[in-house]
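In each ligand, atom 1 is the first atom listed, and ligand 1 is the first ligand listed.
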Amino acid sequence: MSDIQTICKQAFKAKFNAEPTMYEYAPGRVNIIGEHTDYNGGFVLPCAIKYGTCMYARANGTNKIRVLACDMNNDYDEFEIAPQIEKHASKLWVNYLRGVTYQFSKKYGDKVQGLDIAIKGDVPPGAGLSSSASLEVCFGHLLSSAFGLGTKLMDVALIGQAAEAYIGMKCGIMDQAISANGTKDHLLRIDCKSYELTQVAVPQNLVILIINSNIKHQLVGSEYNDRRESCEKAAKIMGVDLLRDATMAQLEKFKSQMDDETYRRARHVITEDERVLEASAAFEKGDLDTLAKLMYQSHVSMKDDFEITVKETDALVDIVKNTLGEQKAAVRQTGGGFGGCVVAVVEPENVQKVKDAVNAQYKAVSGIDATIFETTACAGAHFEKL
Ligand code: GLA
């Protein structure tokens, strides 16, 4: 049993005075490439990581969800399963669960019944590694499994995405889709228009390294929705539904009808889609040189065109690049942006070099330490009857 499982199970027993009968787990994610492309119907290339959210649960014979959050000082909430569920006035963690319950209740009516649940996770919060998606998917998959609803994994993901919208974050489908559908040792290329999923094996000779700038990213109510609006504006000017359907040639044609910012936002998305397709081919071949080129281009595009990087993540990218050289440094900021983590794909013998360089150089730029960990590509959500 992992640490989070042990703590969570004990907390369940202490709070509800009974043994749990169900266990659920869903991971966080890291995105190798394809940023802010998902809500434009484009491509992304994430994998599930070794950190996630777990839940122990038991049917409680009521129509209430009663839930204990170990990571929030054992904060507790309960709410009725109803066709309309009000948002909690102040507790964000509760609202993710309320949003998911609301969607399930709408879809399945009174097949969804009361559960007692304890939750614990180990995805670093605010790091852009999708702690909230792992919470939503964990809970959605638990509800589906507990009541035999047979909800498809992609539908669990879509419900998680709807829960984000309920809270005010108009995110795309990437985070929930990978948390639900991750496969061990594989990245997942997601076509966010057709929802086609393609597994891309992680070559033996490459390691995924995540470097947390420890600059918190907080997306709810932030500039994320503004970026999305700019993309929608550019698509409208070009007469397409989604930026996925536009080409660079089209963008150039319409350039004079757009303000510079809208043009640059669209340029990021259109070129990023191309990079995802090239990067996934490079990844399959273990072609680190090409991957390094594409990931660096992605970072520069996020920095100059989409304007979602910060000086600390820029510095981390530079440190890795200067340490390994352009051809070996596949590195970029990952996730929604405005801080969080950079992801690097490196050869095993270079892991220590990167760690040493970051530990020696990052604090001078940021005043704080970075946190570094390796991950393999992990499996998505899974349920167990105990
Ligand atoms: C956040 C959102 C995702 C995606 C990324 C940026 O993680 O939840 O849907 O848009 O940002 O790629």
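- Close N/O approach between Met169 and ligand 1 is not found [any backbone or side-chain N/O within under 3.5 Å].
- Remark: ligand 1 and Tyr39 share no N or O pair separated by less than 3.5 Å (distance only, no angle test).
- Between Glu78 and the choices Lys91, Lys64, Lys15, the salt bridge (Lys or Arg N to Asp or Glu O under 4.0 Å) rule is met once, by Lys64.
- On a distance-only criterion, Ser130 and ligand 1 share no N/O pair closer than 3.5 Å.
- For ligand 1, the atoms lying closer than 4.0 Å to a non-hydrogen atom of Met174 are 4 (C), 5 (C), 12 (O).
- Under a 4.0 Å criterion applied to the non-hydrogen atoms of Asp38, ligand 1 contributes the atoms 3 (C), 4 (C), 9 (O), 10 (O).
- Nearest-residue assignment for atom 11 (O) of ligand 1 (options Gly172, Gly34, Gly336; heavy-atom criterion): Gly336.
- Comment: Arg228 engages Glu232 in a salt bridge, judged by a side-chain N to carboxylate O separation of less than 4.0 angstrom.
- Residue Asn31 has no nitrogen or oxygen atom sitting less than 3.5 Å from a nitrogen or oxygen atom of ligand 1, judged on distance alone.
- For the pair Arg29 and ligand 1, a heavy-atom separation below 4.0 Å is found.
- Atoms of ligand 1 found under 4.0 Å from any heavy atom of Glu35 (numbered from 1 in listed order, with element): 6 (C), 12 (O).
- Taking the charged nitrogens against the carboxylate oxygens, Lys303 and Glu307 have no contact shorter than 4.0 Å, which rules out a salt bridge.
- Separation of the Tyr224 and Phe338 ring centroids does not fall under the 6.0 Å cut-off.
- The ring of Phe104 has its center no closer than 6.0 angstrom to the ring center of Phe139.
- His141 pairs by the ring-ring contact (aromatic ring centres under 6.0 Å, His included) definition with nothing, not counting sequence neighbours.
- Checked against a 3.5 angstrom limit, the closest N/O atoms of Thr37 and ligand 1 fall outside it.
- Considering every non-hydrogen atom in both Ser131 and Ser134, the closest pair reads O-OG, 3.1 Å.
- Interface atoms of ligand 1 facing Asp175, defined by a heavy-atom separation under 4.0 Å, are 1 (C), 2 (C), 3 (C), 7 (O), 8 (O).
- Heavy-atom proximity to Cys171, at under 4.0 Å, picks out these atoms of ligand 1: 2 (C), 8 (O), 9 (O).
- A salt bridge links Arg332 with Glu35: the distance from a Lys NZ or Arg NE/NH1/NH2 to an Asp or Glu carboxylate oxygen falls below 4.0 Å.
- Salt-bridge annotation for Asp116 and Arg58: absent, with no side-chain N of the basic residue lying under 4.0 Å from a carboxylate O of the acidic one.
- The atoms of ligand 1 that sit less than 4.0 Å from any heavy atom of Tyr224 are 1 (C), 2 (C), 3 (C), 4 (C), 9 (O), 10 (O), 11 (O).
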